[in-house]
Amino acid sequence: MKRVVIGLSGGVDSSVAAYLLKEQGYEVIGLFMKNWHDDSVTISNECPWLDDSNDAMLVADKLGIPFQTVDLSEQYKARIVDYMFNEYQKGRTPNPDVLCNREIKFDVFMDIALGLGADYVATGHYCRKGTLHKNGEEIYQLLAGVDGNKDQSYFLCQLSQAQLSKALFPIGELTKPEVREIATKLDLVTAEKKDSQGLCFIGKVKLPDFLQQQLKPKEGVIVEVSDDEPIHKVENHNFNSKEEELSFLARKLNYTIKNGKVVGKHQGAHYFTKGQRKGLAVGGTPEPLFVIDTNVEDNIIYAGQGKSHPGLLKKALFITNDELHWIREDLALKVNETKEVDARIRYRQPLQKATLHKVATGLYIEFETLQSAITEGQFAAWYINDELIGSGVIS
């Protein structure tokens with residue numbers, strides 16, 4: 001009998017995933033990951049992880065599977081939290097959930113599971129795994145979940161073949177309503193539980209509050225840049241090569257205070273991210289202001305009016321070789337090769353038609369239409385049909 005260790009988070013998805021594995025004849029062990037216990041950082045008095053681990057225990061008990069809690073907070077702090085602060089201090093916007101899967105659930109946690117004699121590690125993600133045979137080798141595919149509204153393949157975009165070979169996603173074929181229905185039939189304590197929001201580790205803490213405790217507030221100015229500012233003007237360029245054109249399309253506009261006028265103050269450029277509208281607290285503009293860029297060195301936020309401000313829109317992005325990752329290593333592009341794909345630059349963004357261009361230093365993604373708020377530090381992921389084949393950090 002094959003043994004599966006499932007990460008029970010105390011939510012409905014992993015609860016139902018555990019039940020389905022049992023139904024499929026696996027020997028199932030439930031593990032709850034405790035990733036955070038620095039109480040100085042929880043803003044409210046509730047202790048979400050205690051409630052969650054309690055719910056996970058009740059579910060395991062109901063399903064009749066062994067259960068234990070593992071404390072991964074040290075590795076979590078080193079690999080996720082420190083990395084996040086580091087990225088924010090550089091003025092980039094990391095995605096903790098993608099990292100949590102790559103570094104914690106399918107690495108540290110997977111090692112613990114394999115140490116318990118597990119053949120597989122399972123999670124309650126809405127995605128599916130496929131297997132192909134090519135040149136006598138087994139190749140694993142990461143496929144979108146059947147529920148288009150809940151597909152979470154994006155969060156797993158950094159997994160490797162080795163990690164996928166040991167992964168199971170039992171609820172990938174189901175929709176969220178079907179999952180809730182199963183939980184209700186089984187009378188699981190998590191059946192009605194709301195989906196967890198916020199960071200994947202600190203329970204109900206909002207990101208700026210969490211950051212504020214580590215990155216000290218520092219007053220700076222908000223500069224409004226008008227859309228007809230010369231920096232946005234694109235002359236008719238004659239490019240000598242496609243790469244030169246892509247480099248131009250993906251370029252970062254370097255605003256200075258001379259490009260606009262000071263319209264307000266903020267408490268720290270590192271709390272803001274491109275495309276953000278909330279928190280600027282500057283009124284009286286005909287159209288709402290959006291963050292078009294942040295400069296953490298000079299502590300300046302640049303803002304522009306309206307969703308179609310040229311400072312928000314770009315047609316291409318670049319990923320350096322060392323931040324480029326292929327789930328399907330057999331499909332990796334060689335220099336000068338191109339590939340048509342569907343891509344997204346954030347979770348839940350509808351897939352966008354795009355072309356990959358491999359160059360010596362990395363990979364360009366050129367979109368068919370202008371994209372809003374392409375943000376450094378976030379992950380871009382690309383698909384062929386419903387298969388996620390690669391991803392990388394936007395540079």
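Just so it is clear, the model here is predicted, and its values are computed rather than measured.
Q152 and Y154 are not linked by any side-chain donor-acceptor pair at a separation below 3.5 angstrom, with hydrogens and angles left out of the test. No donor-acceptor contact under 3.5 angstrom links the side chains of E368 and Q352, judged on distance only. N86 and R92 form no side-chain donor-acceptor contact under 3.5 Å, judged by distance and modelled atom types alone. Donor-acceptor pairing under 3.5 Å is recorded for the side chains of S15 and T190. Under the 3.5 Å distance criterion, with hydrogens and angles disregarded, no donor-acceptor pair is assigned to the side chains of Y126 and S153. For the residue pair D298 and N295, a side-chain donor N or O sits within less than 3.5 Å of a side-chain acceptor on the partner. No hydrogens or angles considered: nothing links the side chains of E244 and S241 as a donor-acceptor pair under 3.5 Å. For the residue pair H270 and Q89, no side-chain donor N or O sits within less than 3.5 Å of a side-chain acceptor on the partner.
Looking only at side-chain heavy atoms (C-beta outward), Y302 and N259 stay at 4.5 Å or farther from each other. Side-chain contact between T338 and K358 is absent, with no heavy atoms from C-beta onward closer than 4.5 Å.
Of the charged side-chain nitrogens involved, at least one lies within less than 4.0 Å of a carboxylate oxygen, so that E376 and K274 count as a salt-bridged pair. Using a 4.0 Å cut-off between charged side-chain N and carboxylate O, D293 and K252 make a salt bridge. A salt bridge is absent between D107 and R102: the closest approach of a Lys/Arg side-chain nitrogen to an acidic carboxylate oxygen does not fall below 4.0 angstrom. For E224 and K261, the salt-bridge test passes: some basic side-chain N is under 4.0 Å from an acidic carboxylate O. Salt bridge annotation for E74-K77: absent, with no cationic side-chain nitrogen under 4.0 angstrom from a carboxylate oxygen. Salt bridge K193/D52: present, at least one basic N to carboxylate O contact under 4.0 Å.
Under the 4.5 Å side-chain heavy-atom criterion for ILVMFWY residues, a single connected hydrophobic cluster contains both Y83 and Y76. A single hydrophobic cluster is not seen to contain both I365 and V98; linkage of ILVMFWY side chains at heavy-atom distances under 4.5 Å, directly or through other members, places them apart. The cluster map of Ile, Leu, Val, Met, Phe, Trp and Tyr, joined by side-chain heavy atoms under 4.5 Å apart, puts L363 and I327 in different clusters. Each of L356 and L142 belongs to its own hydrophobic cluster when Ile, Leu, Val, Met, Phe, Trp and Tyr are linked at side-chain heavy-atom distances under 4.5 angstrom. In this structure, V225 is not a member of the same hydrophobic cluster as V282, with clusters built from ILVMFWY side-chain heavy atoms closer than 4.5 Å.
Atom CD of Q24 sits in a crowded spot, with more than 12 heavy atoms from other residues, nucleotides or ligands closer than 6.0 Å. Surrounding NZ of K242 are more than 12 heavy atoms belonging to other residues, nucleotides or ligands, all under 6.0 Å away. Around atom NZ of K233, more than 12 heavy atoms belonging to other residues, nucleotides or ligands sit under 6.0 Å away. Atom NZ of K134 has more than 12 neighbouring heavy atoms from other residues, nucleotides or ligands inside a 6.0 Å radius. The neighbour count for E192 CD, taken as heavy atoms of other residues, nucleotides or ligands under 6.0 Å away, does not exceed 12. The environment of D322 atom CG is dense: over 12 non-hydrogen atoms of other residues, nucleotides or ligands sit within 6.0 angstrom. Surrounding CG of N238 are at most 12 heavy atoms belonging to other residues, nucleotides or ligands under 6.0 Å away. Counting non-hydrogen atoms of other residues, nucleotides and ligands closer than 6.0 Å to CG of N336 gives a total of 12 or fewer.
Here the closest non-hydrogen pair linking L388 and C157 is CD1-CB, 3.7 Å. Of all the heavy atoms in V179 and V16, the pair that sits closest is O-CG2, 3.4 Å. Summarising the geometry of I6 relative to A17, their closest heavy-atom pair is CD1-CB, 3.6 Å, with the distance given to 0.1 Å. Nearest approach of S14 to G7, heavy atoms of both residues: CB-O, 3.4 Å. Residues L253 and G311 approach most closely at CD1-CA, 4.5 Å, considering heavy atoms. The nearest pair of heavy atoms linking D55 to G10 is CB-O, 4.0 Å.
Separation of atoms CG (L99) and CD (E87) is listed at 8.0 Å; rounding is to 0.5 Å. Residue K339 holds its NZ atom at 5.5 Å from CG of L331, rounded to the nearest 0.5 Å. Separation of atoms CD1 (I394) and CG (L317) is listed at 5.0 Å; rounding is to 0.5 Å. Between the CG atom in L249 and the CD atom in E366 there is a gap of 6.0 Å [rounded to 0.5 Å].
Listed for the S160 side chain is a donor-acceptor partner under 3.5 Å among the backbone atoms of Q163. Of the possible donor and acceptor atoms, one in the side chain of Q161 sits under 3.5 Å from a partner among the backbone N and O of Y140.
Checking R344, K176, R128 one by one against D151, the salt bridge (charged side-chain N to carboxylate O under 4.0 Å, His left out) holds for a single residue, R344.
In this pair, F239 and F248 present their aromatic rings tilted. The plane angle is within the 30 to 60° band. Classified by interplanar angle (parallel below 30°, tilted 30° to 60°, perpendicular above 60°), the ring pair H232/H309 is perpendicular.
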Residues R328, E387; criterion salt bridge (charged side-chain N to carboxylate O under 4.0 Å, His left out); working and verdict: CA-CA 10 Å; R328 287 289 301 275; E387 179 182 1; 2.8 Å; yes
Stepwise salt bridge (charged side-chain N to carboxylate O under 4.0 Å, His left out) check, K166 with D119: CA-CA 7 Å; K166 302 265 184 227; D119 298 284; over 6 Å; no
Test log, rule side chain to side chain donor-acceptor pair (under 3.5 Å), inputs T320 and S395: CA-CA 7 Å; T320 60; S395 78; 5.7 Å; no
Verdict with supporting geometry, K129 and E173, salt bridge (charged side-chain N to carboxylate O under 4.0 Å, His left out): CA-CA 10 Å; K129 172 176 150 182; E173 303 286 344; over 6 Å; no
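Ring to ring, Y347 and F155 are close: their centroids are under 6.0 angstrom apart.
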